[in-house]
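Basis for what follows: all heavy atoms, side chains included, without hydrogens, waters or symmetry-related copies.
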Amino acid sequence: MTVPRGPDEVRAALVDAASALLGEKPPQRITGRELAERAGVNYGLVHHYFGGKSALLSEGLAHLAASYALGERVDGKPGDWRPSQPFSIRNRPDYLRAIAFASIAGEMGKVSTIHPVVEASLAEVADRRGCGEEPTDETRVDVAVATMFQLGWCLFAEMVTGGLELDSTERDEVEARLRLVLRAVLLGLDVGEAARGILESEGT
Amino acid sequence: MTVARRGAARGDLLNAALRLLADRPPSAISGREIAEEAGVNYGLVHYHFGSKNRLLDMAWRQHLDWLVDTEMEGGTRPVSVRATAEDRTLWAVAGHMALDPLEATGDGDRRRVLDAYRDLVDASDPDGDPVHHWTIIAALFALELGWPIFGPANVTTVGLSSAELPMVRSRVEALVAALEGSVGLRSGEPTGGGGNS
């Protein structure tokens, strides 16, 4: 491993280290020394460039969010999926894990940037509901619920489908239905009917 | 040490393990930390449980058993949004277990809640479509666990203030009721009366 040199390389190495460690353990368990060690830089540089551990971890999370919003794979190369697709965060287990660890620890609220994917979703849903460009509170609530539903499913899918002993065909069938449920949440349709596989039309 | 105190140590270790699991995933917890948290000798981890992983596994299963016995009234009703959200141990440990699955220890299983849900849905809607049933269970787990874990941060992400959390929670509750209703179930909310099947 080459030693990062100069402000840009050091900053980038530290942000990469933060992004990686955030997916491995809860943020309160990550130390400044670990971050420096992972980045291959001197511990003092964490404070020099970021003022402290928590600012660096926020940068790491923001970095993951931006990379996901661009549809990049874990390795940074372009992915064959789009972030607007249902349950697309599954393509970025590193980001999903980082959000989950930080959320369980109650540290997520400190990163208050409006998420680009959520923002796009707000605009799209407002448009499909025909209520103009500015999302209503109702739309915001539905997008928030849809987002936590997707995160919740991606986090617990293995536990649930494994526990129900579903084979791969059955898992796919459930996934297809859950996409209908997600659509129903976003469009204010009946989620029970969606779970039955009934595709209600929009704007009713 | 007397037999009685050894027995108390067993319970103390189980409680300590659960508290630590709410804080971090199984891989980040050592046997010594559990013993220290419980205030007992490290040797008792092995004496009572054989291994750290078996202790963590038993602690988690014990909590799930408690959930089925109390909140689900022995598996006769689904868990309410309120009960899940108020039980930090439940959603935090479930999250950590999902992030960092503990290898099975061979005794008992951790599927008691899922099994209870499956039996509940099958009994309530005996001629229903299995895919519909699985989807309802999957969606209920995603919502009821997704809400306490991801809800608070998501509310600000969509541009609402935390004062509007109750509005989001009402929506989650309405969705849960609709999902349960489509298989003839109803959460045991204190205000609830009768079924709607």
Assess the residue pair A:Phe149 and B:Asn154 against the criterion (side chain to side chain contact (heavy atoms under 4.5 Å, CB included)); give the C-alpha distance rounded to whole Å, side-chain angles, the decisive distance to 0.1 Å, and a yes or no. CA-CA 11 Å; A:Phe149 176 67; B:Asn154 266 318; over 6 Å; no

Can you tell which of A:Glu193, A:Gln150, A:Met159, A:Glu175 has the highest number of heavy-atom pairs within less than 4.5 Å of chain B? A:Met159

Can you check whether A:Ile104 reaches B:Phe150 side chain to side chain, under 4.5 Å on heavy atoms? no

Answer yes or no: are there more than 12 heavy-atom neighbours, outside A:Glu138 itself, under 6.0 Å from its atom CD? no

Are A:Glu165 and B:Arg111 ion-paired here, with the side-chain N under 4.0 Å from a carboxylate O? yes

Does some side-chain heavy atom of B:Arg169 sit less than 4.5 Å from a side-chain heavy atom of A:Val141? no

Looking only at heavy atoms, which of residues 26-33 of chain A get nearer than 4.5 Å to chain B? A:Pro26, A:Gln28, A:Arg29

Return the option, out of B:Met97, B:His96, B:Glu164, B:His133, with the maximum number of heavy-atom pairs under 4.5 Å with chain A. B:His96

Electrostatic pair B:Asp129:A:Arg177 at N-O distance under 4.0 angstrom: yes

Which one, A:Gly163, A:Ala157, A:Ala194, leads in non-hydrogen pairs under 4.5 Å with chain B? A:Gly163

Bottom line for A:Glu173: the part with an atom under 4.5 Å from chain B's heavy atoms is both

Answer yes or no: does atom CD of B:Glu86 have more than 12 heavy-atom neighbours from other residues, nucleotides or ligands under 6.0 Å? yes

How many angstroms lie between CE in A:Met148 and CD1 in B:Ile149, if you round to the nearest 0.5 Å? 11.5 Å

Per-residue tally against chain A (heavy atom, under 4.5 Å) across B:Val131, B:Leu99, B:Val172 peaks at B:Leu99

Under 4.5 Å, counting heavy-atom pairs only, tell me which of A:Val185, A:Leu96, A:Thr161, A:Val181 racks up the most with chain B. A:Val185

With a 4.5 Å heavy-atom cut-off, do B:Val168 and A:Arg140 have their side chains touching? no

Check each atom of B:Ala22 against the heavy atoms of chain A and say whether the ones under 4.5 Å are side chain, backbone, both or neither. backbone

Check the surroundings of atom CZ in B:Arg32: do more than 12 heavy atoms from other residues, nucleotides or ligands lie under 6.0 Å from it? no

Heavy-atom pairs under 4.5 Å with chain B are the metric here; pick the option from A:Thr147, A:Val160, A:Val145, A:Leu151 that has the most. A:Leu151

Looking only at heavy atoms, which two atoms of B:Ala178 and A:Val191 are closest? And how far apart? CB-CG2, 3.6 Å

Max heavy-atom pairs within cutoff under 4.5 Å with chain B, candidates A:Leu182, A:Asp190, A:Leu178, A:Leu180, goes to A:Leu178

In terms of heavy-atom proximity below 4.5 Å to chain A, should B:Arg118 be classed as side chain, backbone, both, or neither? side chain

Flag the one option from B:Tyr117, B:Trp91, B:Trp134 with the top tally of heavy-atom pairs under 4.5 Å to chain A. B:Trp134

If you count heavy-atom pairs under 4.5 Å between each of B:Pro25, B:Ser162, B:Ala142 and chain A, which one has the most? B:Ala142

Among B:Leu145, B:Asp100, B:Val113, which residue forms the greatest number of heavy-atom pairs with chain A at distances under 4.5 Å? B:Leu145

